[in-house]
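Remember, it's a predicted structure, so these values are computed and weren't measured experimentally.
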Amino acid sequence: MILPGLLISLALGCRAVSTLKISGYNDTRGALTQTVTGSVAHPKAGTRLFGFYDLGAGKEGARYLEYQVSQPVYKKVGGVVEFNREYRSPRGTTRFGIIYPPSLPGFSGRDRWTIKLTPVSTNDFGAQFHFSGLKNFGQNTYVEGFFDYNMKPDRIVTEWQVGRRVSGNLFGIIEFRHSGFRREPRGIGVGLEWKFW
C-alpha cells in the first residue's frame, strides 16, 4: 500500500510528504492486533495515497486492508476512490465519493481533519460516511481516530486513541474501539506505536 505511492511520487519527480507507523495492541476482547499505516502526498498537486493493514489474532482475529487515493478537484473538495477488504469475506469493496479536509479554528497546521462521503460502492455495500482527525498536544501527546457510519447495514465502526511519547519515535497508546460488525462490539486496546517520520 505504501510502495505504490512512493513509486508514483518518484515517477512524478516530486519530493513526497510521507508518513509511516507500526502499532501493536492487545485489547480487552482478547484481540492482539498489529497495524501498518502509511501515506504519501504530492506537495503541489495534492494527490494523496493512504492505507493501512491490520493483522489480528485471538478470538476474533482477522486481516483487514484499506487504501485510498484522493485528488483535490475544486479548492479543498476532492474526489476519492477507496478499496477495503476483510479477508474472511470472499471479495473486497471499492467505494467512490468526495473528501474534504476542514480547517477548524484553534487547531494548528500539524493537526488533520477529514470528512468523506462515499455514496457509491461495488458489491451493493451501500454508502458510508467517514470522519477522522488528529490533534497534537505539543510534541509528546496526540489524540487520533476515526468514525465510520455504514448506512445500508446501519452499523458504526469507530476507534479513538491517545498516544504519549515514551522515547524518541516510540509512543505508548491506549485506544477505545467499537465495531458494530463484531460479536463483542466494544474494547479497549493498549499497546505501542513506532513512528518512522
| query | What is the ring orientation for Tyr67 with Phe83, classed by angle as parallel under 30°, tilted 30 to 60°, or perpendicular over 60°? | reply |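 Answer is tilted, since the angle falls between 30° and 60°.
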| query | Would you call the rings of Tyr142 and Phe171 parallel, tilted or perpendicular, where under 30° means parallel and over 60° means perpendicular? | reply |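 Taking Phe171 first and then Tyr142, their aromatic rings stand perpendicular (interplane angle over 60°).
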Could you tell me whether the side chain of [X] and the main chain of [Y] form a donor-acceptor pair under 3.5 Å?
| X | Y | result |
| --- | --- | --- |
| Gln71 | Ala45 | yes |
| Asn169 | Lys195 | yes |
| Thr158 | Phe146 | yes |
| Arg177 | Gly189 | no |
| Asn26 | Val190 | no |

| Are Glu144 and Lys21 close enough for a salt bridge, meaning some N to O gap below 4.0 Å? |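 Looking at Lys21 together with Glu144, the answer is yes, because their closest N to O distance falls below 4.0 Å.
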| field | Arg182 and Glu184 ion-paired at < 4.0 Å | value | no
| task | Sequence neighbours left out, what passes ring-ring contact (aromatic ring centres under 6.0 Å, His included) with Trp160? Give chain and number order. | result | none
State yes or no: do [X] and [Y] share one hydrophobic cluster built from I, L, V, M, F, W and Y residues joined by side-chain heavy-atom distances below 4.5 Å, directly or via other members?
| X | Y | value |
| --- | --- | --- |
| Val81 | Ile99 | no |
| Tyr25 | Leu134 | yes |
| Val73 | Ile115 | no |
| Leu117 | Tyr149 | yes |
| Leu192 | Phe196 | yes |

Side-chain donor-acceptor contact under 3.5 Å, [X] with [Y]:
| X | Y | result |
| --- | --- | --- |
| Gln68 | Lys116 | yes |
| Thr33 | Asp54 | no |
| Arg48 | Ser70 | no |

Please give me the minimum heavy-atom distance between [X] and [Y], naming the atom from each residue.
| X | Y | value |
| --- | --- | --- |
| Tyr53 | Arg63 | OH-CD, 2.9 Å |
| Val157 | Ser179 | CG2-OG, 4.0 Å |
| Ala127 | Pro119 | CB-CA, 3.7 Å |
| Ile173 | Ser23 | CD1-CB, 4.3 Å |

| message | Does Phe96 form a side-chain contact (heavy atoms from CB on, under 4.5 Å) with Val80? I'd like the steps, not just the answer. | response | CA-CA 6 Å; Phe96 305 87; Val80 62; over 6 Å; no
| request: For the pair Thr93 and Thr122, evaluate side-chain hydrogen bond (donor to acceptor under 3.5 Å, both in side chains) and give the outcome as yes or no after the intermediate values. | output: CA-CA 6 Å; Thr93 299; Thr122 59; 4.8 Å; no
| request: Evaluate the side-chain contact (heavy atoms from CB on, under 4.5 Å) criterion for residues Arg91 and Asn123: first the C-alpha distance (whole Å), next the side-chain angles of each, then the deciding distance (0.1 Å), finally the verdict. | output: CA-CA 9 Å; Arg91 58 192 173 185; Asn123 304 328; 3.5 Å; yes
| Can you check side-chain contact (heavy atoms from CB on, under 4.5 Å) on Gln161 and Phe176, steps first, answer last? | CA-CA 6 Å; Gln161 75 178 31; Phe176 167 76; over 6 Å; no
| request: Check the pair Asp27 / Leu32 against side-chain contact (heavy atoms from CB on, under 4.5 Å), numbers first and verdict last. | output: CA-CA 7 Å; Asp27 82 13; Leu32 180 63; over 6 Å; no
| said: To the nearest 0.5 Å, what is the distance between CG on Asn150 and CZ on Arg155? | reply: 9.0 Å
| task | Nearest 0.5 Å please: distance from the CG atom of Leu170 over to the CD atom of Glu193. | result |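 One finds 9.0 Å between CG of Leu170 and CD of Glu193.
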